[in-house]
Amino acid sequence: MSFNHQEIEKKWQDYWAEHQTFKTNTFSDKEKVYALDMFPYPSGAGLHVGHPEGYTATDIFSRMKRMQGYEVLHPMGWDAFGLPAEQYAIDTGNSPAEFTEHNIATFKRQIKELGFSYDWNREINTTDPNYYKWTQWIFTKLYEKGLAYMDEVPVNWCPALGTVLANEEVIDGKSERGGHPVVRKPMKQWMLKITDYADRLLDDLEELDWPESIKDMQRNWIGRSEGAEITFNIDGYDEQFTAFTTRPDTLFGATYAVFAPEHPLVEKIVTSEQRDAVNAYRKKIETKSDLERTDLAKEKTGAFTGAYAINPANQEKMPIWIADYVLMGYGSGAIMAVPAHDERDYAFAQTFDLPIKEVVAGGNVDREAFTEDGAHVNSDFLNGLMKDEAIGQMIEWLEDTGKGTGKVTYRLRDWLFSRQRYWGEPIPIIHWEDGSMTAVPEENLPLELPELDEVKPSGTGESPLANSDWVHVTDPKTGMKGRRETNTMPQWAGSCWYFLRFIDPNNPDQLADPKALKEWLPIDIYIGGAEHAVLHLLYARFWHKFLYDVGVVPTKEPFMKLFNQGMILGEGNEKMSKSKGNVVNPDDIVSSHGADTLRLYEMFMGPLDAAVAWSTKGLDGSRRFLDRVWRLVVNEQGVVSEKIVDTSEATPLEKVYHETVKKVTGDFEHLHFNTGISQLMVFINESYKADKIPKAYIDGFVKMLSPVAPHLSEEMWELLGHEDTITYEKWPEYDESKLVEDEVEIVIQIMGKVRTKIHVAKDISKEELEQKAMENERIQELIKGKTVRKVIVVPGKLVNIVAN
RNA sequence: GCGGGUGUGGCGGAAUUGGCAGACGCGCUAGAUUUAGGAUCUAGUGUCUCUUGACGUGGGGGUUCAAGUCCCUCCACCCGCACCA
């Protein structure tokens with residue numbers, strides 16, 4: 001007989017809701033554990049089988065921690081601003097708010113049907129004005145501290161659609177929708193000064209228990225590099241420029257300079273003979289997107305400006321070129337080129353036949369750039385020195401002579417924070433007619449998004465808000481007129497701090513009660529997909545550090561331990577996608593196999609961080625295991641099986657039970673759910689072989705199963721005669737002494753190969769063990785006529801005889 | 001190109017500090033049972049060898065009494081970044 005999952009799952013979900021079983025007490029006396037999922041964007045497609053993987057992992061962890069006596073915060077919410085809802089609104093004329101609300105309802109139903117132990121009293125929705133009030137509040141704080149500023153930045157402008165596009169909406173220089181041309185157009189944008197935090201974001205990675213790959217990605221993204229900034233005079237002009245280099249030691253080998261095509265000095269220094277060539281080149285570059293400039297540029301291109309820079313080390317004239325391999329956004333947008341010791345400069349010099357001068361010995365600069373370390377040559381006071389020392393000496397010389405300075409540069413850019421969109425948090429800024437700009441005062445927050453009759457592009461590149469009356473404001477005191485900022489925040493904004501609000505979700509007076517934050521921060525475990533490795537996790541860390549600086553949060557870092565769940569692939573080992581028709585819908589599985597089976601299967605398929613293909617057969621196997629458990633506990637009449645007896649006598653199951661408790665507890669703690677579950681299976685297999693099973697073991701087993709398959713476990717717990725939910729029952733403990741048997745099996749090897757096995761008392765001495773091994777008949781036979789050279793004895797494990 | 005990771009049966013995957021390779025599940029084989037089942041139970045299942053045994057963790061080499069695990073080298077695949085001076 002198998003259990004009726006539809007009945008049982010409904011029954012216990014109702015019970016939990018009615019009894020508020022998972023309500024978290026913010027200020028309880030218990031030790032606190034905060035287990036967080038990356039909250040989802042509630043898309044119209046509904047839940048994907050990938051979602052429950054991470055959610056089940058944190059749920060198992062949370063449920064086990066509750067049973068171990070911790071107060072657990074395990075919340076869920078909705079990252080509900082975002083492009084799809086806006087696009088839907090533009091396409092259909094419907095309201096993005098309604099669309100979003102509908103999607104959330106679907107997601108919530110689906111998530112509830114999976115039996116996760118969330119405290120739904122703490123549900124958060126980033127589009128709720130009571131929530132985004134505080135997102136806006138944080139923005140005004142950033143603005144006050146000078147960390148939010150406006151700058152002219154190129155955006156992807158699509159004239160045909162009359163709108164600005166996000167990078168991911170531009171494919172090969174055309175709009176994803178409609179394939180219209182997209183051009184780069186400078187517009188005034190809000191920027192957040194994340195670069196001020198670059199060093200701290202980098203350094204504090206050290207103390208985090210995160211996958212090394214993610215930390216590395218963040219390190220690369222921040223891209224700290226040390227070097228020097230060198231000032232160059234321009235021959236015949238009263239102008240100077242600076243160039244950043246990590247190899248100031250090669251300054252004597254700098255034979256030309258290159259500016260980014262957009263470099264502001266180009267206009268001033270270009271000679272009349274070269275003007276046409278330079279303009280033509282710049283025009284060509286302008287139509288290329290960033291992607292094309294970087295991706296397709298294998299061959300070096302450029303144009304000579306006609307001007308010369310003076311090498312400050314040797315006063316030699318260096319022709320100044322422009323080329324798109326130099327990026328305006330990094331360093332100062334100008335470089336000194338050392339073709340002998342830099343591959344890019346070498347390629348460029350070859351293409352345009354520029355001089356190559358060796359200053360580091362050891363390579364063959366007639367054939368290729370030499371980038372390794374070596375003794376310096378042709379370098380005056382650096383001659384003979386190796387790289388590190390030469391760099392130090394050169395920086396010293398530059399600083400002494402005022403020609404340059406040691407400098408650290410980052411790849412990380414400031415965060416482009418505005419979006420020309422309707423469906424996002426309004427940026428709470430007013431631009432006054434006198435040209436000044438003020439933040440909306442805290443008492444006027446939230447600045448709510450107005451309802452529009454129709455969401456459609458403004459046509460000017462501004463957000464749809466630009467055409468509504470909402471933008472017009474008048475200062476009640478002075479009567480001055482103003483215009484609201486029409487840009488909204490990016491989707492990242494709401495997710496930068498949601499984990500703080502879960503701690504105190506309904507606080508009307510502050511972002512969260514500092515006392516409560518102190519109880520719960522930092523987050524003990526944070527699980528989500530690796531696609532957020534850089535942006536979300538870096539932005540959230542940045543805001544958190546800022547909030548720490550202004551005294552709002554008590555910790556420097558938000559997420560102590562991070563884990564990335566792997567992807568669930570389709571049966572053919574390919575990504576699930578609608579077009580391949582291999583998408584598995586959780587609703588179907590919940591209805592056919594039950595939520596417990598889905599949870600169990602997703603945890604059993606493989607390690608949590610691995611990408612594993614879905615298997616319907618594997619899913620069936622998981623259900624079969626739960627049925628096996630059920631049949632072991634419950635007989636045909638629907639009451640507890642006769643095999644289960646109330647006894648304290650020692651039974652053959654004693655050892656395997658204690659082993660199971662030990663392994664499952666450790667494995668679940670370390671998120672090794674696949675191996676923990678396999679141990680639960682071992683216990684059940686052994687129990688099937690036994691005539692009688694002590695009830696205490698079954699009670700313990702059901703407790704250990706309950707985090708994985710909570711509905712079934714609650715049902716069995718009730719049948720076993722317990723009245724309350726299993727949620728707060730004490731987690732089983734094991735007795736180490738029960739794990740070792742009196743007799744152990746010893747492997748006897750000859751030359752490292754297993755020849756036989758013997759049983760001996762567990763505390764037998766080394767000498768005795770060796771003797772027993774040597775006396776063994778089979779061994780005697782095998783070593784006859786051979787010389788025993790050495791015997792290695794590992795007590796409790798093996799004896800290895802070296803004989804030949 | 002740079003950085004990170006992964007290679008173990010027919011498949012998903014297990015294997016403390018080097019100490020019985022293949023736990024557990026899927027699949028497969030045989031038997032039992034059932035009116036029937038894609039149900040259930042029991043046993044078996046790395047490869048070759050009818051036995052003894054030999055071989056086996058991507059390939060090659062090394063250290064060791066003993067290597068999936070440590071070292072060198074090569075190969076394949078996956079992820080991220082990609083002219084960042």
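Below, chain A is the first sequence line, B the second, and so on; all start at residue 1.
Pairs of Watson-Crick or G-U wobble type, with distances under 3.5 Å, assemble into runs of 3 or more in RNA chain B at these ranges: B:1-7 with B:75-81, B:10-12 with B:24-26, B:27-32 with B:40-45, B:46-48 with B:53-55, B:58-62 with B:70-74.
B:G53 atom P lies 11 Å from atom CD1 of A:Ile750, rounded to whole Å. If you measure from atom CZ of A:Arg411 to atom C1' of B:G3, you get 11 Å, rounded to the nearest angstrom. Note: CZ (A:Arg623) to C1' (B:A39) measures 12 Å, nearest angstrom. The CH2-C1' distance, from A:Trp221 to B:C2, rounds to 16 Å in whole Å. Regarding A:Leu205, its CG atom lies at a distance of 15 Å from the P atom of B:G4, rounded to whole Å.
Aromatic rings from A:Phe241 and A:Phe259 are positioned such that their centres are separated by under 6.0 Å.
Spacing of P atoms, B:A67 relative to B:G13, comes out at 27 Å, to the nearest Å. Between B:C83 and B:G60, the distance separating the two P atoms is 39 Å to the nearest Å. B:G68 and B:G22 have their C1' atoms separated by 11 Å, with the value rounded to a whole Å. Taking atom C1' in both B:C24 and B:G3, the straight-line distance is 35 Å, to the nearest Å. For the C1' atoms, the distance from B:G7 to B:A21 is 16 Å, rounded to whole Å.
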Base contacts versus sugar-phosphate-only contacts with protein, heavy atoms under 4.0 Å: please encode nucleotides 23-38 of chain B as B, S and - from 5' to 3'.
BBSSS-----------
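If A:Ala610 and A:Ala334 are placed on RNA chain B by their nearest nucleotide, the residue sitting closer to the 5' end is A:Ala610. Of the two residues contacting RNA chain B, namely A:Ala611 and A:Tyr410, the nearest-nucleotide position lying further toward the 5' end is that of A:Ala611.
With sequence neighbours excluded, the residues that form a side chain to side chain contact (heavy atoms under 4.5 Å, CB included) with A:Ala540 are A:Phe499, A:His536, A:Phe559.
The residue A:Arg413 sits close to a base: some heavy atom pair falls under 4.0 Å. Base contact: A:Val794 has a heavy atom under 4.0 Å from a base atom. A:Pro211 comes within 4.0 angstrom of nothing in the nucleic acid, heavy atoms only. Among the heavy atoms of the strands lying under 4.0 Å from A:Asn800 is at least one base atom, whether or not backbone atoms are also near.
Of all heavy-atom pairs spanning A:Asp249 and A:His376, the tightest one is OD2-NE2, 2.7 Å.
A:His341 places no side-chain N or O within donor-acceptor distance of the main-chain N or O of A:Thr250, the cut-off being under 3.5 Å.
A:Phe304 and A:Trp321 have tilted rings, their planes meeting at an angle from 30° to 60° on a 0 to 90° scale.
Here A:Arg631 reaches the OP1 or OP2 of B:C41: one of its side-chain N or O atoms lies under 4.0 Å away.
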